[in-house]
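Just so it is clear, the values below take in all heavy atoms, side chains as well, and ignore hydrogens, waters and symmetry mates.
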Number of protein chains: 2
Amino acid sequence: MGRTLTYPKRSSNTVNRYKHRATYDLKAIHSIINSSQVLHVSFSPGPSDPFPTILPMIGQMGSFDYPSASIDEPLDCYLHGYVSSRIMNLARDCEGDGLPICIAASRVDGLILSLTPNSHSYNYRSAVLHGYAKLVNDEAEKLYAMKLITNSVLSDRWEHSRVPPDRAEMSSTVILKVKVVDGSGKIRDGGVSDEKKDTTNDEVTGRVWTGVVPVWETFGEPIPSPGNKVTEVPDHISRFVADKNDQNQRYAQEAVRITLPLEEQH
Amino acid sequence: MGRTLTYPKRSSNTVNRYKHRATYDLKAIHSIINSSQVLHVSFSPGPSDPFPTILPMIGQMGSFDYPSASIDEPLDCYLHGYVSSRIMNLARDCEGDGLPICIAASRVDGLILSLTPNSHSYNYRSAVLHGYAKLVNDEAEKLYAMKLITNSVLSDRWEHSRVPPDRAEMSSTVILKVKVVDGSGKIRDGGVSDEKKDTTNDEVTGRVWTGVVPVWETFGEPIPSPGNKVTEVPDHISRFVADKNDQNQRYAQEAVRITLPLEEQH
């Protein structure tokens, strides 16, 4: 039932290594982007500089035109930045489709400790998007994106802070909207996978411990600021901390238990 | 006493936003790179593709020529990859200095929950390097880098696994050596910083909780593989897990307590 939308395979986003781990599903890719606290955004500064550069940014997938669009539908990527930063200036001055950029998100879910260094790996989730970035000029769309991005840092935070932003705040914040042209994701889960030459070597298996160390991001006890006047930590914060810790730990531990296909290596 | 080496400031790596958080110190930048589980590496696929692309890779700073060089001295960045991957093919075919790439690492140490969305931020550490990547052809240097990178995933793991790699393993692994031309880092620590217009507004301070949620990476209990024959989790693993958890949590919590300079915003 239903359809699964996927990104087109182009030479720039087709995964050639460990193809069975690749995904082009909008849902999988958008979920990795949206659950990442930091996105790495790459652009070329211009013909005089040979190096592409990378900025860490905060961003989220969303649709201003269809706000009820779900995670598996076509979405734009909104990135948050400062008005005078280089990427914003480049995007502002860019004609045509916009500034060509690449957005990447990765997280490590476990250390795969195998018999040999070559079979060591991570359990991980990573996603890459390519697209054209343009500044958002429409006030309503900008506000939509600011709320979306704030609530990605901590659910419902927008509603529990001083909003709306005033004139100065609106003008110092710049939002980039990225029209995505392709994307891909890669997910590695499961356990250790060694080659037969090692698993049948008793000397090696007798001394090398193999297994997985799950890895996840922990959110600690909230620490009130010296100026804070609200005595209890509000529900939207304590709930977020508890939910995230539970989800993150569970994902990392359950990822280990997934059975690998026979052809799996590394 | 002694000197502090810094990367040259060029237009490509000079931080213009929140300059007081920027660092060009080799030690600070190399430490961020070396303590990151994943590096994001960007390169331009070529003239026919407008988009730069990003690969998540594993890497470490080191010096084959001066293996005893410390973290605050000039080092190369070694990146681990697969023989037929696109970045390796580009680096292999690249003439002259090598393939111009950008390497970035970022980690989040805390959520800064302020009175207004605009003053929200992260405590974080990020580093960016630009440099020229070439394939390592020398066998001894390749082995040096493979050991360096394996032990960055888990300390002393190389010595506790089946080494040295055999012929097939040596030839399927490709190591990129990046000659760094510039670098920069950015570190944000401390607590909440709001503007006077909000801190003096009793209606706002009376209802908005402000403070920091520390964030750190947790390593869980090691899970043995079905094929594992070593009954006890070895010391090098349990020590790594305990040390990392302690360090990571302590860093995130102590970062909150650092006093911000008066001019600090966001």
In a table with atom names and distances, give each donor-acceptor pair under 3.5 Å that connects a side chain of residues 99-107 of chain A to protein atoms at least two apart or in another chain.
residue, atom, partner, partner atom, Å
Ser106(A), OG, His40(B), NE2, 2.8
Arg107(A), NH1, Ser35(A), O, 3.0
Arg107(A), NH1, Ser35(A), OG, 3.0

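When each of Gly131(A), Pro226(A), Gly227(A), Pro165(A) is scored by its heavy-atom pairs under 4.5 Å with chain B, the top score falls to Gly131(A). Between chain A and the options Thr231(B), Asn248(B), Asp166(B), Thr199(B), the largest number of non-hydrogen pairs under 4.5 Å is found for Asp166(B). Interface check for chain B: of the options Val241(A), Val108(A), Thr210(A), the most heavy-atom pairs under 4.5 Å are formed by Thr210(A). For the options Asp49(A), Asp198(A), Ile58(A), Asn201(A), heavy-atom pairs under 4.5 Å to chain B are most numerous at Asp198(A). Counting heavy-atom pairs under 4.5 Å between each of Val233(B), Val163(B), Leu115(B), Val41(B) and chain A puts Leu115(B) at the top. Annotation: maximal heavy-atom pairing with chain A below 4.5 Å, among Ser114(B), Pro224(B), Pro56(B), Ala252(B), occurs at Pro224(B). Between chain B and the residues Gln249(A), Gln37(A), Lys147(A), the largest count of heavy-atom pairs under 4.5 Å involves Gln37(A). For the options Ile149(B), Leu55(B), Thr205(B), heavy-atom pairs under 4.5 Å to chain A are most numerous at Thr205(B). Your options are Arg207(B), Gln253(B), Glu203(B), and the one with the most heavy-atom pairs under 4.5 Å with chain A is Arg207(B).
Pro45(A) does not touch chain B: none of its heavy atoms, backbone or side chain, sits under 4.5 Å away. For Glu221(A), the part sitting under 4.5 Å from any heavy atom of chain B is the backbone (N, CA, C, O) and nothing else. Contacts of Val181(B) with chain A are made by side-chain atoms alone, with heavy-atom separations under 4.5 Å and no backbone atom involved. Using a 4.5 Å cut-off between heavy atoms, Thr150(A) touches chain B through its side chain atoms alone. With a 4.5 Å cut-off on non-hydrogen atoms, Val204(A) touches chain B through its side chain but not through its backbone. Residue contact with chain B, scored on non-hydrogen atoms closer than 4.5 Å, involves the backbone of Glu232(A) exclusively.
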Checklist entry - Checking salt bridge (Lys or Arg N to Asp or Glu O under 4.0 Å) for the pair Lys197(A)/Glu169(B): CA distance, chi angles, key distance, verdict? => result CA-CA 12 Å; Lys197(A) 64 184 174 194; Glu169(B) 289 162 353; 3.4 Å; yes

Item to check | Evaluation steps, side chain to side chain contact (heavy atoms under 4.5 Å, CB included), between Thr218(A) and Glu217(B) | outcome: CA-CA 6 Å; Thr218(A) 297; Glu217(B) 203 144 48; over 6 Å; no

Next on the checklist: Run the side chain to side chain contact (heavy atoms under 4.5 Å, CB included) test on Ser42(B) and Thr53(A) for me, step by step, so that the C-alpha distance in whole Å, both residues' side-chain angles and the decisive distance to 0.1 Å come before the verdict.
Outcome noted: CA-CA 7 Å; Ser42(B) 176; Thr53(A) 200; over 6 Å; no

Item to check | Residues Val208(B), Val230(A); criterion side chain to side chain contact (heavy atoms under 4.5 Å, CB included); working and verdict | outcome: CA-CA 7 Å; Val208(B) 181; Val230(A) 180; 5.7 Å; no

Next on the checklist: Before you tell me yes or no, could you show the steps for Phe51(B) and Tyr132(A) under side chain to side chain contact (heavy atoms under 4.5 Å, CB included), namely the whole-Å CA-CA distance, both residues' side-chain angles and the distance that decides it to 0.1 Å?
Outcome noted: CA-CA 9 Å; Phe51(B) 300 106; Tyr132(A) 291 100; 3.5 Å; yes

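Between Ser44(B) and Ser44(A) there is a side-chain heavy-atom pair separated by less than 4.5 Å. Within the 4.5 Å cutoff, the side chain of Asn118(B) has heavy atoms near those of the Met146(A) side chain. Within the 4.5 Å cutoff, the side chain of Pro214(B) has heavy atoms near those of the Ile223(A) side chain.
In this structure, the side-chain contact (heavy atoms from CB on, under 4.5 Å) partners of Leu154(B), at least two apart in sequence or on a different chain, are Leu111(A), Leu113(A), Arg157(B), His236(B), Ile237(B), Phe240(B). Checked against ring-ring contact (aromatic ring centres under 6.0 Å, His included), Phe43(A) has no partners two or more places apart in sequence or in another chain.
Judged by distance alone, with hydrogens and angles left aside, the side-chain atoms of Asn228(B) form no donor-acceptor pair with the main-chain N or O of Gly211(A) at under 3.5 Å. No donor-acceptor distance shorter than 3.5 angstrom exists from the side chain of Tyr122(B) to the backbone of Val38(A), with no hydrogens or angles considered.
Counting heavy-atom neighbours within 6.0 Å of Lys142(A) NZ, excluding the residue itself, gives a total above 12.
Salt-bridge annotation for Lys229(B) and Asp202(A): absent, with no side-chain N of the basic residue lying under 4.0 Å from a carboxylate O of the acidic one.
For the pair Pro222(A) and Trp209(B), the tightest heavy-atom approach, listed with the atom from each and the gap, is CB-CH2, 3.6 Å.
Among residues 123-130 of chain B, the residues having any heavy atom closer than 4.5 Å to a heavy atom of chain A are, in sequence order, Ser126(B), Val128(B), His130(B).
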